[in-house]
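Following: one structure in structure tokens, then a few remarks.
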Amino acid sequence: PYSDVYEMKPPGLFYTYAVLAAVGAYDFEGARGYTLIIYGLNGFLLFLLLHRRGWQWGAIVAQMAFYATSMDPYLHGYALLSEPLMVLSFLTGLLLLTFARKHLIYVLAGGLFIGWSVWIKQNMVFLLLFLGFWACCRIWISHDLSRRRVAYAIVGALLGPLLSTVWIVLQSGGSDMMYWIWTYPAQVYTQSISWTEGMEYLKTFMSYSAPHTALWTVFALMGFGAHFFLKGGAWGRATPLLFFVFSFFAVSPGLRFYGHYWILLLPALALGVGALWEFLDVQLKRYLSDRPAKLVLLAFTLSVLGYHVYDQREVYIQPDVERWSQLSYGNNPFWEIQDIAEKLREYARSDAKVAVMGSEPQLYVYLNQVPFTTHTFITFLNKRHPRRGAMRSEFTSDVQRVQPKYVVFVNHPYSWSIAEGDHRDVHAWAYRYSKNNYKPIGLYEMDGTANDSRIWSDNLQEVRPQATNFIQV
């Protein structure tokens with residue numbers, strides 16, 4: 001990490017992806033399979049956590065709600081991203097902590113998994129703060145939590161980050177790691193979006209996503225209120241609502257409110273839905289015997305599930321996968337890059353080097369190539385930060401040194417992420433270098449109109465892109 005490839009994420013992300021790649025998730029089908037496994041485990045872990053608390057209907061319906069909301073295309077539903085991995089690590093840690101009374105090794109292991117979730121991506125620290133707040137209340141208000149167990153959990157949480165940091169420092173990557181996980185996010189990422197822009201992003205996301213998640217959101221909000229009427233102390237009654245609040249904080253850093261950020265909110269949302277069902281179960285049993293109460297709640301649950309599936313039938317019943325991809329990722333050139341990879345495998349020898357002028361490193365994966373440069377996310381070369389000049393020089397030198405057989409020039413705003421005030425010289429250089437040194441053989445226009453074309457030919461020298469967004473090979 002930070003030597004062969006860099007990103008503004010902690011080392012846990014790199015090592016977790018490396019483990020997944022080592023066990024078969026590196027290609028497209030492998031990634032899809034492990035994505036289903038990860039989401040499946042997340043829902044099951046949520047069920048186990050609530051079932052160990054004594055919930056029955058609440059545990060079942062919370063798991064169902066998690067799976068349903070995870071399918072929201074605007075949340076990039078069932079995509080292999082860092083967020084479901086963070087949720088997996090966090091929920092695994094919580095489940096292990098529920099066995100604390102059996103042995104302190106469970107506390108240590110639980111802390112390890114929770115700490116690793118933060119080491120995958122920084123914004124998970126808000127859920128760590130939630131646990132810290134919860135622990136403080138249990139220690140000083142309800143007096144039912146051992147300080148020794150808390151100490152073991154803290155040691156476990158620090159273990160993974162500490163060991164991986166020592167390893168990276170031994171590889172002479174300590175300063176690079178601190179730059180990318182602290183300096184760059186603080187100077188660029190969290191400062192580039194104003195409050196007004198952030199609120200516009202939030203409103204836009206809510207308007208897009210509301211049709212898929214509105215039903216579950218209403219149930220969850222009702223559940224947060226209903227949970228105050230269930231048995232337990234004042235802190236216990238507030239737990240689902242506070243978990244939801246801290247989860248929302250985890251979505252908020254940078255005020256971008258991207259779709260996949262909201263995956264971190266789904267366990268809390270599902271918890272609220274489960275709380276409502278647990279409340280309904282208790283209330284029904286006050287007026288009905290056990291069997292009729294179960295039948296009424298079962299009928300209600302099936303009705304809700306049936307309505308949701310029917311209402312979102314375009315997602316669940318014979319979905320148009322390409323349209324779903326567009327709903328999830330907008331006009332991002334993901335489908336086009338995959339098609340380009342297939343065409344290049346027909347054109348090129350397997351050892352023919354390819355340079356991607358844009359932030360589309362998945363092309364290297366599809367072609368089974370190790371990138372010849374560390375600068376695979378070009379957007380970092382456009383932002384204003386202390387290392388930008390040296391990185392730009394290194395990238396252009398890498399391309400000129402290797403002289404790749406093929407260049408894929410992606411003229412798309414999502415791929416370059418050039419905002420007002422950013423540098424544009426790398427984009428201009430990439431365009432000139434591609435035009436002056438290569439013959440065009442492929443053109444993909446991406447304005448989303450009927451006039452968009454996809455052309456592969458050895459005679460494209462005179463063909464000029466008519467679209468604003470396009471890819472040239």
Side-chain angles (χ1 to χ4, degrees), residues 8-9 65-66 68-79 81-84 86-87 90 117-118 120-130 184-225 240-273 308 311-312 315 324-332 334 359 379 383 413-422 448:
M8 56 174 183
K9 307 293 192 302
F66 177 82
T69 51
S70 297
M71 291 291 285
D72 184 348
Y74 294 106
L75 299 183
H76 303 183
Y78 286 87
L81 298 158
S82 57
E83 281 76 13
M86 294 152 68
V87 171
F90 185 77
S117 72
V118 181
I120 293 175
K121 199 171 178 181
Q122 298 96 317
N123 51 343
M124 204 67 177
V125 72
F126 288 100
L127 293 184
L128 199 63
L129 290 174
F130 163 74
Y184 181 89
Q187 292 185 358
V188 180
Y189 184 79
T190 60
Q191 303 297 323
S192 58
I193 301 294
S194 68
W195 175 262
T196 303
E197 290 175 309
M199 292 304 99
E200 286 300 318
Y201 285 153
L202 178 59
K203 290 176 185 176
T204 300
F205 172 79
M206 290 298 185
S207 65
Y208 283 146
S209 183
H212 191 94
T213 54
L215 179 69
W216 304 107
T217 303
V218 170
F219 283 149
L221 293 175
M222 293 171 64
F224 296 143
L241 178 60
L242 287 169
F243 183 40
F244 179 82
V245 170
F246 278 89
S247 297
F248 180 78
F249 289 156
V251 174
S252 304
L255 299 177
R256 283 165 171 80
F257 299 108
Y258 293 148
H260 59 284
Y261 288 9
W262 295 88
I263 294 171
L264 298 180
L265 196 71
L266 298 187
L269 199 70
L271 179 61
V273 176
H308 173 73
D311 184 55
Q312 298 297 313
V315 173
W324 193 353
S325 177
Q326 290 169 350
L327 289 176
S328 295
Y329 303 109
N331 197 27
N332 267 297
F334 295 157
S359 300
T379 181
K383 305 302 178 184
Y414 292 165
S415 198
W416 287 85
S417 189
I418 300 176
E420 185 177 353
D422 287 349

Next item on the list: Identify the heavy atoms of Q122 and M8 that sit nearest to each other, and give their distance.
Entry: NE2-O, 3.1 Å
Notebook entry, point to check: Closest heavy-atom contact between L81 and H260?
Noted result: CD1-CB, 3.4 Å
Check: Quick one: does F66's side chain get under 4.5 Å of P267's, heavy atoms only?
Finding: yes
Note to self: Any non-hydrogen side-chain atom of P253 less than 4.5 Å from a side-chain atom of Y261?
What the structure shows: no
Note to self: What verdict does the side-chain contact (heavy atoms from CB on, under 4.5 Å) test give for L266 and V87, after you've listed the backbone C-alpha separation in whole Å, the side-chain angles of each residue and the deciding distance to 0.1 Å?
What the structure shows: CA-CA 9 Å; L266 298 187; V87 171; over 6 Å; no
Check: Out of curiosity, M86 CE to N123 CG, how far, rounded to the nearest 0.5 Å?
Finding: 4.5 Å
Check: Looking only at heavy atoms, what is the nearest atom pair of L127 and F243, with distance?
Finding: CD2-CE1, 3.8 Å
Next item on the list: Nearest 0.5 Å please: distance from the CG atom of L265 over to the CG atom of L271.
Entry: 11.0 Å
Next item on the list: Rounded to the nearest 0.5 Å, what's the gap from CD on E83 to OG on S117? Could you check?
Entry: 12.0 Å
Notebook entry, point to check: Quick one: are F248 and W262 in side-chain contact, heavy atoms under 4.5 Å?
Noted result: yes
Note to self: Looking at F249, I'd like to know if its CZ atom is crowded, meaning that more than 12 non-hydrogen atoms belonging to other residues, nucleotides or ligands lie closer than 6.0 Å.
What the structure shows: no
Next item on the list: State whether the side chain of S359 and the backbone N or O of W416 hold a donor-acceptor pair below 3.5 Å, judged by distance alone.
Entry: no
Notebook entry, point to check: What is the distance from atom CG of L242 to atom CZ of F246, rounded to the nearest 0.5 Å?
Noted result: 6.5 Å
Notebook entry, point to check: Which heavy atom of W216 sits nearest a heavy atom of A65, and at what distance?
Noted result: CE3-CB, 3.8 Å
Check: Looking at CZ of F244 and CG of L269, how far apart are the two atoms once the value is rounded to the nearest 0.5 Å?
Finding: 6.0 Å
Item checked: Heavy-atom donor-acceptor pair, S417 side chain to Y414 backbone, under 3.5 Å -> no
Note to self: With rounding to the nearest 0.5 angstrom, report the CE to CG distance, M206 to L202.
What the structure shows: 4.5 Å
Next item on the list: For A419, enumerate each residue passing the side-chain contact (heavy atoms from CB on, under 4.5 Å) test, keeping only those at least two apart in sequence or located in another chain.
Entry: K383, D422
